[in-house]
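Each ligand, and each atom within it, is numbered from 1 in the order the structure gives. Since the structure is predicted, the reported quantities are computational estimates derived from the model, not experimental observations. In this chain, residues are counted from 1 in sequence order.
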Amino acid sequence: MNVMLLGSGGREHALAWALAKSPQMDKLYIAPGNGGTAAVGENVAGLDANNGAAVLAFAQEHSVDLVVIGPEAPLVAGVADGLRAAGIAVFGPSAQGAQLEGSKDFSKQFMDRHSIPTAAYATFEACEPALEYVRDQGAPIVIKADGLAAGKGVVVAETLQQAEDAVCACFEGAFGEAGNRVVVEECMTGPECSLLAFVTAGRAFCMTTAQDHKRAYDGDKGPNTGGMGVYSPVPIVTEEELAAMTAIMETAAAATASEFDMDYRGCLYGGFMLTPAGPKIVEFNARFGDPETQVVLPRLKSDLLQVMLACAEGRADDVSLEWDDASWAVSVVLASAGYPGSYEKGKVITGIEDAEALDGVTVFHAGTKVDEAGSLLTNGGRVLNVTALGPTFEAARDQAYAACQRIDFEGKQFRTDIGAKALRGRSAWD
Ligand code: AMP
Ligand code: GLY
């Protein structure tokens with residue numbers, strides 16, 4: 001089979017790496033890809049993944065049998081719809097389905113209609129009523145731009161002043177059109193946990209739990225990032241909680257089939273908060289998590305290509321998942337100096353081979369590229385996801401950090417406490 005994967009992050013390298021293991025794989029194109037994906041397939045550097053017509057033309061010219069869409073932007077732009085209309089199998093929901101991520105108000109209404117536990121909320125299209133509501137509710141309170149804002153559109157306001165400032169910033173255009181509507185939410189408490197599911201024909205096939213580390217520095221300090229490290233499974237989740245989370249994902253998947261035009265065939269990402277009243281949804285995403293994918297897929301024993309093709313073709317009965325339950329996975333992000341603020345690119349990366357010589361270690365590339373001379377260079381804020389499998393949580397973590405020491409580039413920075421909180425147990429969140 002010929003497969004085309006859209007995207008260029010660490011998530012896409014992990015997807016490409018897992019897809020390439022399938023005996024059914026003939027040719028894998030990654031558009032635009034990165035320095036890591038070039039080693040498992042062919043990068044299509046000049047192609048704009050958000051341009052549905054260009055993606056379709058490439059897929060037709062190269063006899064692509066399946067298109068896998070990594071990031072949210074092409075999904076929201078309807079790239080899956082155009083491909084499906086032309087008869088090409090796609091792993092990724094329709095534009096309507098992607099609204100679960102593309103509009104927080106749409107997502108909240110969806111959850112309300114289907115009794116999915118989530119924070120209480122109200123949506124506003126003008127500043128003054130939103131400010132009145134915020135003053136009435138008091139802090140802490142959460143302010144969210146309705147549309148896609150690259151993970152930056154959410155403010156968890158500790159004080160009323162912060163909340164009012166966030167509301168004003170949204171309506172003044174801090175997030176462009178994404179902030180024309182503002183969702184104000186009750187502030188929930190508890191550890192966060194991601195549960196991803198393969199969804200097709202109204203059914204959910206849950207993957208294993210994972211936990212991201214969003215803050216830039218040790219001790220969950222500093223600004224939010226795209227994720228600085230992750231592990232799977234999440235040991236602090238109780239069996240009861242996992243059962244509740246699985247049931248929520250199944251309810252959501254069934255709802256996608258009962259909702260007009262959603263045609264959800266792809267990954268549904270459940271971002272949960274384990275509140276004292278049970279797990280509740282913080283957000284749905286219409287795609288695989290980044291960096292969650294980098295620890296979930298190494299533990300998947302099933303053939304990812306077959307699973308994705310079955311989802312894309314609506315063959316739910318053919319989806320079955322087998323996991324490596326004997327292993328833990330930990331991934332540490334190596335980032336450029338200055339990230340998540342401004343940073344330099346083009347630094348030479350060394351030591352990846354040495355790192356991968358360690359047992360159980362795989363290095364997924366995020367912001368990297370290979371230059372004309374064949375050197376591997378940094379090309380983004382988050383550069384590498386250094387991932388290790390081990391027989392225990394501690395073994396996986398120690399191996400990931402041993403691998404981090406073997407890799408070098410100017411300005412390399414990383415958190416030294418990925419997984420530390422989970423190892424202290426649930427009380428670490430009190
Ligand atoms: P989102 O983009 O909706 O996932 O929000 C980004 C982050 O903001 C989440 O991962 C949470 O840490 C936090 N957050 C969002 N909504 C809430 C909420 N209602 N209560 C507490 N924290 C929240
Ligand atoms: N890890 C957070 C996300 O993928 O949205």
Side-chain angles (χ1 to χ4, degrees), residues 7 9-12 14-15 70-73 75-76 98 100-108 111 116-123 134 137 139-158 162-163 166 170 175 178-179 182-197 207 209-216 220 222-232 234 266-277 279-297 331 333 340 364 366 382 385 418 421 429:
R11 167 184 52 210
E12 283 74 25
L15 286 165
E72 60 275 19
L75 293 167
V76 170
L100 285 176
E101 173 166 5
S103 164
K104 301 212 185 268
D105 178 55
F106 178 95
S107 191
K108 296 298 273 191
M111 288 187 252
I116 291 173
T118 186
Y121 78 105
T123 303
V134 163
Q137 296 291 313
I141 195 159
V142 182
I143 314 297
K144 299 185 175 185
D146 177 57
L148 290 184
K152 300 193 179 87
V154 175
V155 174
V156 180
E158 300 296 338
Q162 282 172 352
C170 266
F175 306 107
V182 171
V183 175
V184 182
E185 280 185 17
E186 161 205 5
C187 189
M188 302 187 287
T189 57
E192 288 182 63
C193 180
S194 309
L195 183 62
L196 283 60
M207 301 184 218
T209 52
Q211 193 169 51
D212 191 1
H213 293 61
K214 289 192 172 150
R215 299 297 195 100
D220 290 332
N224 265 326
T225 69
M228 293 300 287
V230 61
Y231 55 81
S232 175
V234 183
C267 180
L268 181 65
Y269 169 120
F272 286 88
M273 196 163 272
L274 307 177
T275 80
K280 294 186 180 181
I281 291 285
V282 179
E283 63 167 351
F284 281 124
N285 290 321
R287 50 163 176 86
F288 278 89
D290 191 345
E292 286 89 337
T293 308
Q294 291 87 306
V295 284
V296 168
L297 292 184
S331 182
V333 170
F364 295 118
R382 289 185 300 164
N385 303 120
I418 299 306
K421 216 167 158 179
W429 274 267

**Item:** Donor + acceptor pair across side chains of S331, Q294 (<3.5 Å)
**Value:** no

Please tabulate protein-ligand N/O pairs under 3.5 Å for ligand 2, atom names and distances to 0.1 Å.
residue	atom	partner	partner atom	Å
ligand 2	1 (N)	D212	OD2	2.9
ligand 2	1 (N)	D290	O	3.0
ligand 2	1 (N)	E292	OE1	2.8
ligand 2	1 (N)	E292	OE2	3.1
ligand 2	4 (O)	R287	NH1	3.0
ligand 2	4 (O)	D290	N	3.0
ligand 2	4 (O)	D290	O	3.4
ligand 2	5 (O)	N285	ND2	3.3
ligand 2	5 (O)	R287	NH2	2.9

**Request:** Indicate yes or no: does K104 engage E185 in a salt bridge with an N to O separation below 4.0 Å.
**Result:** no

**Asked** Looking only at distance, does M273 have an N or O less than 3.5 Å from an N or O of ligand 1?
**Response** no

**Message:** Tell me whether ligand 1 is touched by C187 - counting only heavy atoms on the residue side and a distance under 4.0 Å.
**Reply:** yes

**Item:** D146 side chain to D105 backbone, donor-acceptor under 3.5 Å
**Value:** yes

**Residue pair E12 / P71, side-chain heavy-atom distance below 4.5 Å** = yes

**Request:** Give the atoms of ligand 1, by number and element, whose distance to some non-hydrogen atom of K144 is under 4.0 Å.
**Result:** 3 (O), 15 (C), 16 (N)

**Prompt:** Are any of the side-chain heavy atoms of R11 and R287 separated by less than 4.5 Å?
**Reply:** yes

**Request:** Check whether any side-chain N or O of S107 sits under 3.5 Å from a backbone N or O of S103 as a donor-acceptor pair, and report yes or no.
**Result:** no

**Complete:** Residues passing the side-chain contact (heavy atoms from CB on, under 4.5 Å) test with T275, sequence neighbours excluded, are M188, M273, A277, K280

**Complete:** Exactly one candidate in V142, I143, I141 meets side chain to side chain contact (heavy atoms under 4.5 Å, CB included) with V156; the answer is V142

**Asked** Does ligand 1 have a heavy atom under 4.0 Å from the side chain of E185, from its backbone, from both, or from neither?
**Response** side chain

**Message:** Going by the closest heavy atom to atom 9 (C) of ligand 1, which one wins out of K280, E192, E283?
**Reply:** E192

**Request:** Check whether any side-chain heavy atom of E292 lies under 4.5 Å from a side-chain heavy atom of Y269, and answer yes or no.
**Result:** yes

**Prompt:** What part of E186 sits under 4.0 Å from ligand 1 if we count only heavy atoms: the side chain, the backbone, both or neither?
**Reply:** backbone

**Asked** Near A119, which atoms of ligand 1 are under 4.0 Å from a heavy atom of that residue?
**Response** 19 (N)

